[in-house]
Colleague: 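I have a structure here, written as structure tokens, and I will follow up with some questions on it.
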Amino acid sequence: MFTSKVPVESVEKIQENIFILKAFSPQIASAIKPGQFCNLKVSETDFPLLRRPFSISDVDGDYISFMFNKHGEGTRILSEKRNGDVIDILAPLGNGFTYEDDYDTAVMIGGGLGAAPFPFLTRRLKNKKIVTLIGGRNEKDVTDWGLKNVFYSTDDGSIGFKGNVVELLISKFNDFKDSEIKIFSCGPTPMLKALQKFTVDNNIKCEISTECSMACGFGICQGCPIDSAEKDKYYLVCKDGPVFDAEAIVL
Amino acid sequence: MSNIDLSVKIGSLILKNPLMLASGTVGYGNEISNFTDLSKIGAIVTKSVSLKPRKGNPPQRIVETPSGMLNAIGLANVGLEEFIKTKIPFLKEVDSTLICNIAASSIEEYVECTKTLDGEETVKAFEINVSCPNVKEGGLIFGNDIISVGKITEKVRAVTNKPVIIKLSPNVSAISDFAKVVKDEGGDAVSAINTLIGTSFDIYKRTPKIKNITGGLSGPAIKPVALAKVLEISRKVDIPIIGIGGIMNWKDAVEFMIVGATAFQIGTVNFINPNAGIEIIDGLKSYCEQMNISKISELTASYQL
């Protein structure tokens with residue numbers, strides 16, 4: 001863990017409201033793993049006050065990328081960064097995905113911007129088949145940036161399967177019958193909750209990347225508890241997560 | 001260069017410099033030690049410890065507000081036994097001054113925690129949290145009641161010879177009355193201020209953003225309030241004050257000392273810049289050099305009104 005002042009390479013708009021910020025940081029690029037996150041100071045002043053946590057979306061050589069929606073002051077400022085601007089990044093934070101264990105097919109499931117951590121995971125996976133399921137409200141909500149073998153679901157059916165991404169998984173489930181799968185997921189809590197129930201009931205390996213409002217990102221503010229499956233115990237999303245085994249947490 | 005004497009004195013406690021890390025913003029020191037050299041910090045005030053472990057409040061616990069943040073952690077902590085067993089050994093290795101912050105829901109609990117920790121050589125002083133705004137019992141109820149604050153000070157004082165610092169609530173009409181009662185009952189110093197009660201609502205759902213409904217406001221937003229409270233105490237009561245509230249840089253720290261603080265604590269800034277403490281100490285040295293100040297303690301209450 002370290003803080004580092006990092007020059008912005010580019011900000012690219014890849015969808016109506018989805019941006020990719022690419023920055024040059026050999027230090028972070030070599031230290032960070034898929035599923036981990038960074039805490040970004042978007043301005044050099046005290047406003048906005050706090051850092052913003054973003055999952056690492058991709059690492060390409062010495063470049064790191066973040067995927068985000070513009071929905072508040074912090075992301076508006078980020079979306080307006082230009083080549084050469086400097087951002088202060090705290091990284092690498094949290095625990096990432098465990099993806100080198102024994103299984104045949106990695107099924108990545110992202111709800112909306114829940115796709116964010118998967119380009120990097122896709123890049124790092126070796127000798128596994130990949131299936132990626134991305135869900136959103138409509139076609140403007142989803143992206144296949146950096147992903148492989150993508151199937152969409154949308155609430156309005158404007159692209160792909162009409163329904164949510166967990167229903168899409170269930171509809172495709174027969175395709176995976178003959179191979180051992182491991183699910184990697186990220187997205188809104190209701191989606192993760194449905195997915196968690198499905199995977200626990202069917203005894204499928206599943207890791208969930210969670211999120212929670214937080215201040216520091218490394219355990220000192222105690223701001224980001226998540227219920228653990230053990231009675232009367234919280235984990236911290238930042239330090240114990242953000243990636244958890246589906247059985248380990250209560251959503 | 002530096003012949004500047006940065007040391008300050010709070011009762012019998014001498015700190016190598018006036019910078020303290022505020023309770024609840026550095027856990028028990030281990031995480032932040034990845035980013036900063038704790039041996040250069042004046043003192044570390046640990047996360048409030050209570051007799052039994054506390055799980056704390058459910059999420060959402062934190063929300064950002066204009067130039068500030070609200071938190072309602074709810075005194076989540078490992079409890080006294082675990083604190084002594086696993087946290088103190090780490091803190092012992094760090095060459096800083098350790099101040100234990102104690103939270104409780106009864107006067108007896110304050111006394112018992114203090115008594116137990118008094119035997120720990122590593123613990124150099126106590127900061128008694130009578131002002132947590134985020135728990136149902138104890139905390140604010142004590143902090144708002146001058147008789148309780150007096151009684152807690154008296155009872156805690158009776159079981160330790162180490163310096164006793166009482167952390168005061170700003171959510172009262174006259175904070176200097178509380179500082180006076182602390183002094184009268186034998187307290188060595190006051191910390192001012194704890195967070196201000198605030199809230200924030202989602203206008204579409206019409207629900208509070210924080211599960212606890214209200215939280216404690218901290219950060220630059222509260223600095224002017226905190227400065228005014230420190231000044232009020234300084235003008236009315238002769239007791240060392242540890243200034244707290246929205247310090248982001250060395251200039252803010254100097255401002256607190258000028259209005260009456262002997263030492264100061266940084267809190268919210270640790271979440272954003274975990275090395276802020278060291279940067280502030282360096283800034284204080286440069287300021288003293290520039291202003292020909294040989295002892296930083298000269299700054300305390302040096303206001304010209």
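These numbers come from a predicted model, not from an experiment. We name chains A, B, ... by the order of the sequence lines, and we start the count at 1 in each one.
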Colleague: Name the region of B:P58, side chain, backbone, both or neither, that has any atom closer than 4.5 Å to a heavy atom of chain A.
Modeller: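 Both parts, backbone and side chain.
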Colleague: Dump the table of donor-acceptor contacts under 3.5 Å between chain B and chain A, or return none if there are none.
Modeller:
residue: B:E31; atom: OE2; partner: A:K239; partner atom: NZ; Å: 2.6
residue: B:K55; atom: NZ; partner: A:D227; partner atom: OD1; Å: 3.4
residue: B:Q60; atom: NE2; partner: A:S213; partner atom: OG; Å: 2.8
residue: B:R61; atom: NH1; partner: A:Q222; partner atom: O; Å: 2.7
residue: B:E64; atom: OE1; partner: A:R52; partner atom: NH1; Å: 3.2
residue: B:E64; atom: OE1; partner: A:R52; partner atom: NH2; Å: 2.6
residue: B:E64; atom: OE2; partner: A:L49; partner atom: N; Å: 3.1
residue: B:E64; atom: OE2; partner: A:L50; partner atom: N; Å: 2.7
residue: B:E64; atom: OE2; partner: A:R52; partner atom: NH1; Å: 3.0
residue: B:I272; atom: O; partner: A:R51; partner atom: NE; Å: 2.6
residue: B:I272; atom: O; partner: A:R51; partner atom: NH2; Å: 2.8

Colleague: What residue in A:C224, A:C216, A:C212 has the most heavy-atom pairs under 4.5 Å with chain B?
Modeller: A:C216
Colleague: Can you name the nearest heavy-atom pair linking B:F35 to A:L90, along with the distance?
Modeller: CE2-CD1, 3.1 Å
Colleague: List in chain and number order the residues that pass side-chain contact (heavy atoms from CB on, under 4.5 Å) with A:P190, two or more places apart in sequence or in another chain; answer none if no residue qualifies.
Modeller: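 So A:P190 forms a side-chain contact (heavy atoms from CB on, under 4.5 Å) with A:P188.
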Colleague: Please identify each residue that fulfils side-chain contact (heavy atoms from CB on, under 4.5 Å) with B:A43, with sequence neighbours left out.
Modeller: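 Residues passing side-chain contact (heavy atoms from CB on, under 4.5 Å) with B:A43: B:L15, B:M20, B:T97, B:I99.
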Colleague: If you count heavy-atom pairs under 4.5 Å with chain A, which of B:A76, B:P59, B:P274, B:G27 comes out on top?
Modeller: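 Heavy-atom pairs under 4.5 Å are most numerous for B:P59.
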Colleague: B:I62 and A:G223: which non-hydrogen atoms are nearest, and at how many Å?
Modeller: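 Looking at all heavy atoms of both residues, the closest pair is CD1-CA, 3.5 Å.
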Colleague: For the pair A:L49 and B:F271, evaluate side-chain contact (heavy atoms from CB on, under 4.5 Å) and give the outcome as yes or no after the intermediate values.
Modeller: CA-CA 10 Å; A:L49 182 64; B:F271 303 152; over 6 Å; no
Colleague: Counting only non-hydrogen atoms closer than 4.5 Å, does A:F47 touch chain B with its backbone (N, CA, C, O), its side chain (CB onward), both, or neither?
Modeller: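 Interface part for A:F47: side chain.
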Colleague: As an exercise: rank A:P225, A:A215, A:G219, A:P48 by heavy-atom pairs under 4.5 Å with chain B and give me the winner.
Modeller: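 Between A:P225, A:A215, A:G219, A:P48, the count favours A:P225.
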Colleague: Who pairs with A:A229 by side-chain contact (heavy atoms from CB on, under 4.5 Å), at least two apart in sequence or on another chain?
Modeller: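 side-chain contact (heavy atoms from CB on, under 4.5 Å) check on A:A229 returns nothing, list empty.
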